[in-house]
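All chains are named by letter (A, B, ...) in the order of the sequence lines, taking the proteins before the strands, and each is independently numbered beginning at 1. Please read these numbers as outputs of a predicted model, since none were measured by experiment.
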Number of protein chains: 2
Amino acid sequence: MSRPTRATTLRAKVRAEMVEEIKATARRHLAEQGASNLSLRAVARDMGFVSSAIYRYFASRDELLTALIIDAYNALGTAAEAAEAAVDRADLAGRFAAVCHAVRDWARANPHEYALIYGTPVPGYRAPQDTIGPATRITNLLGAILVDGCATGALRAPADEWLAPTVAAEMAHIRDAMFPGVPPALLARGLIAWTQLFGAVSFEIFNRLDGIVVDRDAWFDYQVMALTHFIGAQP
Amino acid sequence: MSRPTRATTLRAKVRAEMVEEIKATARRHLAEQGASNLSLRAVARDMGFVSSAIYRYFASRDELLTALIIDAYNALGTAAEAAEAAVDRADLAGRFAAVCHAVRDWARANPHEYALIYGTPVPGYRAPQDTIGPATRITNLLGAILVDGCATGALRAPADEWLAPTVAAEMAHIRDAMFPGVPPALLARGLIAWTQLFGAVSFEIFNRLDGIVVDRDAWFDYQVMALTHFIGAQP
DNA sequence: TCCGAAACGAGAGCACTGCTCTCTGCCACA
DNA sequence: TGTGGCAGAGAGCAGTGCTCTCGTTTCGGA
C-alpha cells in the first residue's frame, strides 16, 4: 500500500492495450457479421492466439459485448456532441438538426454497432449499470436544447396541449431532475422527438424503408423538419 | 394426374400438423429465451425426438425462423385488422387509435415475437419474398384511413407544408401504387406516423423507457394523440 | 389387394461454439 | 535479484447446426 496504485505500472499499461486490441478486433468482426455471430474463438484466432487467452481479459462473451456497447454509446455520444457544439448556441433548430444528422450518420457508418445499442436487447436482458451513463449523452444533448430555448424565451410550452395528470407529473419530475425550466408539455414533445429520431434511424438502418423510400437523405431531412416544428424551434 | 392433388391426403395433413406443432413449440421456446437462443435441438428434444427429424420439415434453423416471422406478421396484422374493423368507418381518429393500440397490445403480449419482426434483422439479412406480403398489412390499414379520409373530405393536405421535390415525387408514386387520392404532403405525414408508431412501441418493448416513463399507458395515449393531430384527424 | 416408393425418425458424426481447468515459462515488480 | 503472479497453450466438456446413412412404416397407384 506504500506506492499502491501507481496508476500505470507497465503491466497495467500492456494489459490495457491488450484490452483495446481485443475490442478493436471484435469490433471488426462485428462490422462484418453482426453481433449474434460474434465468436470469441474467431477473435482470438484472428489475433494469433488461443481462445482461452481471451478470458484473461474478459470474463465472458457477454462482458466483451458489454464493453463494445459502452464504447458504441460513447462513440455515438462523442460524434453527436461534436456536431452540436459546432453550431451557434442561439440556433436551436440548427443544434437539433445537428444532433439528428450526427446520429443518423454514425448509425449508417456503423450499422452493426448501432444495432448493438438500439436494436433488440440480446439475452434475457443486459444493460448493466455501466451502460446507462454513456447512454444518456444523446438525451442530455437534446434536453439542453430545450433548456436553453426556455431560458432565452425562444421556446415555450405549446398552447393547446392537454397532458394526462400522470404524464404531466412525470414530466415535471424529469424536469426537476434533469432539465430545469422546461414546461411539462414541451418536455413531452421533446421526448417524442427523441423517440421519433431513433425510430426513424432504426427504420432506415433495419431496412424497413426498402421499396418505399429511395432518397433517404431527403426523407430524413423532412422528418427532422417536422420534428423541429413539433418542438417549436424556428428554423 | 387423375386425382392428382387430393388437396389433403392423409400424409399431407399429418405433415401440416407436424409443422404447426414444431412452430408452436419453437414459439414457446422463443417466448422464454428470445430468438438468438432458439435451439433446434432443444425444440426437438422437447417434442420427444431427435434433432435430425426436424430437418424433414424445415431445411434449416433460418427457415424455421422465417416461418415464425411470417406467422408473427400475420398475428399482428390480424389483431390490428380486427381492432380497426370494430370502429365506425367515419371515425378516423378512432380507427387510427385502434390500430396503434392493437400493435402495442400485441407487442406487449408477445415481446419476443415482436422483436423477431421489428428488432434487429438477425443474420446478414433475410426477409425473403414471403415475408413482405404479411408485413404490409399494418401499412395498408393505416393507408386506408388516409384514403377514406381524403375520399370523404375529412382529411386534407396540410396547408403550409413544403416537401423536397424528390420526396414529393416518391409520395406521389406511392399514392398512385397504393393509396389513391392521398396528397403527397399528407402521405408523408402518414409515413411519419407509421415510423413513430413502431418507434414508440419499440422503445417501450426494448426497455428504452425504463427509469424515464412510469405510466406507459398514459404516455402511449399521449403519443397517439399527438400523431392523430399530426395527420389531421379529428378526435 | 399388393408392392414399390416415399417419407420418417434414429443415430452417429463433423465442425463449430463458450467456457473451465491445468500446466509451464517468463518477466515486471518489490 | 529472486520470485510471485500473470500470460498463453492445450485439452476437454457440453452444447450447437447440419449431414448422411440406415432400418421401418405407410401411403397410394396399378
Between C:dT17 atom P and A:His29 atom NE2, what is the distance in whole Å? 11 Å
Can you check nucleotides 7-11 of chain D for protein contacts, nitrogen or oxygen pairs under 3.5 Å, and list what you find?
unit_1 : atom_1 : unit_2  : atom_2 : d
D:dA7  : OP1    : A:Arg15 : NE     : 3.0
D:dA7  : N7     : A:Arg56 : NE     : 3.4
D:dA7  : N7     : A:Arg56 : NH2    : 3.4
D:dG8  : OP2    : A:Tyr57 : OH     : 2.6
D:dG8  : N7     : A:Arg56 : NE     : 3.0
D:dG8  : N7     : A:Arg56 : NH2    : 3.4
D:dG8  : O6     : A:Arg56 : NH2    : 2.3
D:dA9  : OP2    : A:Val50 : N      : 2.6
D:dA9  : N7     : A:Ser52 : OG     : 3.4
D:dG10 : O6     : A:Ser52 : OG     : 2.8

With B:Ser39 via side chain to side chain contact (heavy atoms under 4.5 Å, CB included) - residues at least two apart: B:Arg41, B:Ala42
By salt bridge (charged side-chain N to carboxylate O under 4.0 Å, His left out), which residues pair with A:Arg189, not counting sequence neighbours? A:Glu161
Rounded to whole Å, how long is the line connecting atom CE of B:Met47 with atom C1' of C:dA10? 15 Å
Between D:dG17, C:dT17, C:dG18, spot the one nearest the side chain of A:Arg61, thanks. C:dG18
Nucleotide D:dG17, atom C1' - distance to CG of B:Asn37 in whole Å: 14 Å
Does a donor on one side chain and an acceptor on the other come within less than 3.5 Å for A:Arg137 and A:Asn74? yes
Looking at residues at least two apart in the chain, or sitting in another chain, which of them share a ring pair (Phe, Tyr, Trp, His ring centres under 6.0 Å) with B:Phe230? none
Between atom CZ in B:Phe58 and atom P in D:dT19, what is the gap in whole Å? 16 Å
Tell me whether the side-chain N/O atoms of A:Ser60 come closer than 4.0 Å to OP1 or OP2 in C:dG18. no
Check every strand shown and say whether A:Leu38 touches a base, only sugar-phosphate, or nothing at a heavy-atom separation below 4.0 Å. sugar-phosphate
Side chain to side chain donor-acceptor pair (under 3.5 Å): pairs with one or both residues in residues 48-57 of chain A, sequence neighbours excluded: none
Do B:Ser202 and A:Phe198 come within less than 4.5 Å of each other through their side chains, counting heavy atoms only? no
Round to the nearest Å and state the distance from B:Tyr55 atom OH to C:dA7 atom C1'. 18 Å
Could you tell me how far apart A:Leu10 (CG) and D:dG5 (C1') are, to the nearest whole angstrom? 15 Å
Round to a whole Å and report the spacing from CG of B:Asp46 to C1' of D:dG15. 17 Å
Mind checking what makes salt bridge (charged side-chain N to carboxylate O under 4.0 Å, His left out) contact with B:Asp46, not counting sequence neighbours? B:Arg28
Tell me: CD of B:Glu63 to C1' of D:dC18, nearest whole Å? 13 Å
